[in-house]
Amino acid sequence: YVMGRDAQRYPEPEAVRPERWIPWKDTAPTAYEFPVFQAGPRLCLGIDMAVFEVKILATLILRDWTFELAPGEAEKITYGSKITMSICNSRERGSEKLWVIPRWRH
């Protein structure tokens, strides 16, 4: 959580910029800078399978569906205070549920 909020490494660390994590970009962090699957000799053995599964799932969902935030949800977004980053829709209740409206593309 803290590494992803380092303003020296990531300009505007609170901004949502998915392009920071796309591996084929020149700006992708190394395994030591973004240790989700660890790095070095203790590298997670399932990293390739996990990435492959996420790509298939995202392709299948995004092929047939489009999503938008429900009215009023964008104003509620805040970040949780856990070890891993979490997005909350209420500072008081700590809810991690954002309401989206799925729409069938066909």
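- I56 and W65 sit in two unconnected hydrophobic clusters of ILVMFWY residues. Membership requires side-chain heavy atoms under 4.5 Å apart, directly or through other members.
- Looking only at side-chain heavy atoms (C-beta outward), D64 and W104 come within less than 4.5 Å of each other.
- To the nearest 0.5 Å, atoms CZ (R103) and CZ (F67) are separated by 11.5 Å.
- For CZ of R42, the number of neighbouring non-hydrogen atoms (other residues, nucleotides, ligands) closer than 6.0 Å is 12 at most.
- Of all heavy-atom pairs spanning P71 and I101, the tightest one is CD-CD1, 4.0 Å.
- With hydrogens and angles disregarded, a donor-acceptor distance shorter than 3.5 Å links the side chain of R105 to the backbone of L62.
- Heavy atoms from other residues, nucleotides or ligands lying under 6.0 Å from CG of L45 number 12 at most.
- T66 contributes atom OG1, which lies 12.5 Å from atom CD1 of I61 (distance to the nearest 0.5 angstrom).
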